[in-house]
Amino acid sequence: MASANALASLNKISPFLSPQRRYKLIIPQLGQYPVRPCPWIYTTICNNRSCKSANFVVAKPIKGRIREFRLLKSVELDQYITSDDEDEMSEGFFEAIEELERMTREPSDILEEMNDRLSARELQLVLVYFSQEGRDSWCALEVFEWLRKENRVDKETMDLMVSIMCSWIKKLIEGDHDTGDVVDLLVDMDCVGLKPSFSMIEKVISLYWEMGEKERAISFVKEVLRREITFSKDDGEGQKGGPTGYLAWKMMVDGNYKDAVKLVINLRESGLKPEVYSYLIAMTAVVKELNEFAKALRKLRGFATSGLIAELDPENLRIIEKYQSDLLADGVCLSSWVIQEGNPLLYGVVHERLLAMYICAGCGLDAEKQLWEMKLVGKEADRDLYDIVLAICASQKEAGAIGRLLTGIEVTTSHQKKKTLSWLLRGYIKGGHYDEASEVLIKMLDLGLCPDYLDRVAVLQGLRKRIQQWGNVESYLKLCKRLSVSNLIGPPLVYLYIKKYKLWIMKML
C-alpha cells in the first residue's frame with residue numbers, strides 16, 4: 001500500500017478545495033471505509049477535526065470544469081493523450097470526474113453507474129485527468145482496476161497506464177524520495193492488476209545510476225528482494241536476470257567488477273534471495289577482475305625486470321596471492337549457489353565460468369578439472385581452451401595433466417598437432433623448463449612439423465643461458481644437431497671453456 005509520504009509529490013491537494021483551509025492526505029483506517037484489496041487514498045479536510053467528521057467540498061459546476069480541463073489539454077508521458085475539441089467529451093465525462101473527486105462513493109460504483117455514458121476514449125481521459133500533478137493519483141489506479149475487472153483494458157489503455165506509472169516513478173526518484181516509496185508504488189501497481197515489467201525495474205535502477213545515486217540503487221534492489229516483488233518478464237529479460245543481475249551488470253559496464261561481486265554475495269548472505277542468473281553475472285565479474293589483475297601483475301613484473309621498480313618483496317607477494325585466492329573463493333561460492341538451485345541446464349555454464357577463472361589465475365590442475373566437468377555435463381569446451389590449459393600445466397610441469405591433455409593428439413590433423421604442441425612448447429618456455437621444451441621441438445621435427453622461428457630461438461637462448469650457469473651442454477648440442485639436420489640452422493660453432501685447465505675447446509657441428 002502506498003504511503004501518504006510516497007505520493008505526496010504526485011498527489012497534491014485538488015485546486016477545487018477551499019484555499020483557506022489546511023489539507024493533508026490520510027490513509028483510511030479499517031472500519032471507517034469498506035475493506036478493499038488495496039485501500040485508496042482519500043483527500044479530506046482536516047481543519048482540526050477528526051476524520052470521521054471531515055467534510056468533502058463540492059466541486060465547481062460542470063461548465064467551469066470544462067474551461068479548466070481545456071487548459072490541461074495534454075499530459076506529457078511516453079505518448080500524448082490530447083483533446084483539442086470540447087465536443088469530444090460528453091457531459092457524462094465531466095459528471096464522472098466531479099463524482100470521483102467528491103469521494104463520497106466508491107469509484108467502481110460511480111463508473112458502473114455511468115458505464116453506458118462513457119466511451120473508451122473518455123475513460124482514458126479520466127485516467128489522464130487523475131494522473132496529473134495536483135489530482136488524486138490513486139484514483140487513476142482505482143479507475144484502471146475497474147476497467148480491468150470490466151475487461152475494458154485494451155493495448156492502448158495498458159500502454160497509457162504504464163506510461164503514467166513510469167512518470168510517477170520518475171517524479172518520486174527525482175524528488176529525492178525514499179526508495180521504499182518507489183517500491184510502494186510498484187506494489188500498488190500489482191495491487192490493481194498492473195504487474196510491473198522487468199523493463200520498469202530496469203528503468204528505476206538506471207535512473208538512480210544515471211543520477212549518481214548508486215547507494216540508492218542498491219537500496220532499491222534490496223527492498224525489491226525483501227518484499228519479493230514479482231514482475232512480468234520482457235523479451236530481453238533473460239540476459240540480465242532480474243534487479244540484482246541488472247545492477248551487477250551496470251557495475252560491470254562501469255568497470256567496477258569487484259563491487260558487482262560484493263553486491264551479489266552481500267545480498268545473499270544478508271538473507272535475501274537474488275535471482276540465479278545474478279550469480280552467473282557475478283562469476284563473470286570475477287573472471288574480468290582476475291583478468292585485469294593478471295594484466296596489472298604482468299606489467300608490474302615487467303617494470304621490475306627492467307629495473308624501473310624494485311623487485312616484489314615476500315610481503316607484497318603474499319598480499320597478491322591472498323587477493324587472487326579471495327577472488328577465486330568468491331567465484332567458487334557463487335558457483336555452489338547456482339548448483340544449489342538445482343537447474344542442470346546451468347551446470348555447463350557454471351563450469352565454463354570456473355574454467356575461465358582458473359585460466360586467468362594460472363591454476364592448471366583446477367582448470368583441467370573443469371574441462372572434464374564440462375565434458376561430463378555435456379558441454380564440450382573449445383579445442384583452444386584445452387591448448388591454453390595444456391600450456392598452463394606445462395609452465396607448472398604437471399606431467400600427469402599434460403599426459404591426459406595430450407591424449408588423442410595422434411589422430412588429429414597436422415595443423416592441430418602443430419598448434420597443440422606449440423602451446424605445450426610455449427608453456428615449458430614460460431616456466432623455464434628448457435630441457436622439456438627441447439624435447440617438444442625435436443618431437444615436432446620428427447612428426448614433420450616445422451616449429452615457429454621465435455619458438456626455436458627462445459629454446460636455444462634458454463639452453464645457452466643454462467650452459468653459462470651450469471655447464472650442461474648435452475641438451476643444447478642435441479637440439480643444434482637436430483635443427484641442423486632439418487636445415488633450420490647453419491653449422492654452429494660451439495665454444496667451451498674448461499676453467500680448471502684454462503682450456504678453450506671449439507667444435508663445429
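Predicted model only: the values in this text are computed from it and were never measured.
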Report the distance from atom CD of Glu228 to atom NZ of Lys273, rounding to the nearest 0.5 Å. 8.5 Å

Between Asp259 and Lys250, does any NZ, NE, NH1 or NH2 come within less than 4.0 Å of an OD or OE carboxylate oxygen? no

Parallel, tilted or perpendicular: ring planes of Tyr246 versus Phe198, cut at 30 and 60 degrees: perpendicular

Under the salt bridge (charged side-chain N to carboxylate O under 4.0 Å, His left out) rule, collect the residues that match up with Glu439, sequence neighbours excluded. Lys478

Other residues, nucleotides and ligands only: do more than 12 of their heavy atoms fall within 6.0 Å of CG on Asp313? yes

With heavy-atom distances below 4.5 Å as the criterion, would you say the side chains of Leu263 and Val221 are in contact? no

Sub-3.5 Å donor-acceptor pair from the side chain of Asp178 to the main-chain atoms of Gly180, do we have one? yes

Search all heavy atoms of Ile205 against all heavy atoms of Pro243 and return the closest pair with its distance. CD1-O, 3.6 Å

Between atom CG of Leu334 and atom CD1 of Ile281, what is the distance when rounded to the nearest 0.5 Å? 11.5 Å

If you draw a 6.0 Å radius around NZ in Lys222, do more than 12 non-hydrogen atoms from other residues or ligands fall strictly inside? no

Would you indicate whether Lys430, at its atom NZ, is surrounded by more than 12 heavy atoms from other residues, nucleotides or ligands within a distance under 6.0 Å? no

List the atom pairs, donor and acceptor, that lie under 3.5 Å between side-chain atoms in residues 384-391 and the rest of the protein, sequence neighbours left out.
{"residue": "Asp384", "atom": "OD1", "partner": "Lys419", "partner atom": "NZ", "Å": "2.7"}
{"residue": "Tyr386", "atom": "OH", "partner": "Glu380", "partner atom": "OE2", "Å": "2.8"}
{"residue": "Asp387", "atom": "OD1", "partner": "Thr420", "partner atom": "OG1", "Å": "3.1"}
{"residue": "Asp387", "atom": "OD2", "partner": "Gln416", "partner atom": "NE2", "Å": "3.4"}

A quick test of your reading: do over 12 heavy atoms of other residues, nucleotides or ligands sit less than 6.0 Å from CD of Glu269? yes

So the side chain to side chain donor-acceptor pair (under 3.5 Å) pairs with at least one residue in residues 329-343 (sequence neighbours excluded) are Arg268-Gln340

Below 4.0 angstrom, N of the basic side chain to O of the carboxylate: do Asp159 and Lys155 qualify? yes

Glu275 side chain to Gly245 backbone, donor-acceptor under 3.5 Å: yes

Shortest non-hydrogen contact from Met357 toward Leu328: CE-O, 3.8 Å

Leu354 CG to Lys369 NZ distance, which is reported to the nearest 0.5 Å: 9.5 Å

Quick one: closest heavy-atom pair of Val459 and Ala437, and the distance? CG2-CB, 4.0 Å

For Thr157 and Asp154, does a side-chain donor sit closer than 3.5 Å to a side-chain acceptor? yes

Side-chain donor-acceptor contacts of residues 282-302 below 3.5 Å, not counting sequence neighbours, with atom names and distances?
{"residue": "Thr284", "atom": "OG1", "partner": "Leu280", "partner atom": "O", "Å": "3.0"}
{"residue": "Thr284", "atom": "OG1", "partner": "Arg353", "partner atom": "NE", "Å": "2.8"}
{"residue": "Glu289", "atom": "OE2", "partner": "Tyr323", "partner atom": "OH", "Å": "2.5"}

Less than 3.5 Å apart, any donor N or O on the side chain of Trp146 or Glu142 sitting next to an acceptor on the other? no

Of all heavy-atom pairs linking Trp168 and Leu185, the shortest is CB-CD2, 3.6 Å

For Arg426, which residues count as a salt bridge (charged side-chain N to carboxylate O under 4.0 Å, His left out) partner, sequence neighbours excluded? Asp452, Asp455

List the atom of Val440, the atom of Leu421, and the distance in Å for their closest heavy-atom pair. CG1-O, 3.7 Å

List the residues meeting salt bridge (charged side-chain N to carboxylate O under 4.0 Å, His left out) with Arg318, not counting sequence neighbours, and say none if there are none. Glu315

So, for Val264 and Ala248, which heavy atoms are closest and what is the spacing to 0.1 Å? CG2-CB, 4.2 Å

Out of curiosity, Leu272 CG to Thr244 OG1, how far, rounded to the nearest 0.5 Å? 8.0 Å

Quick check: do His351 and Lys379 have side-chain heavy atoms less than 4.5 Å from each other? no

Tell me whether Lys443 at atom NZ has more than 12 heavy atoms from other residues, nucleotides or ligands lying less than 6.0 Å away. no

Walk me through it: do Phe220 and Ile201 pass the test side chain to side chain contact (heavy atoms under 4.5 Å, CB included)? CA-CA 10 Å; Phe220 170 76; Ile201 303 289; 4.2 Å; yes

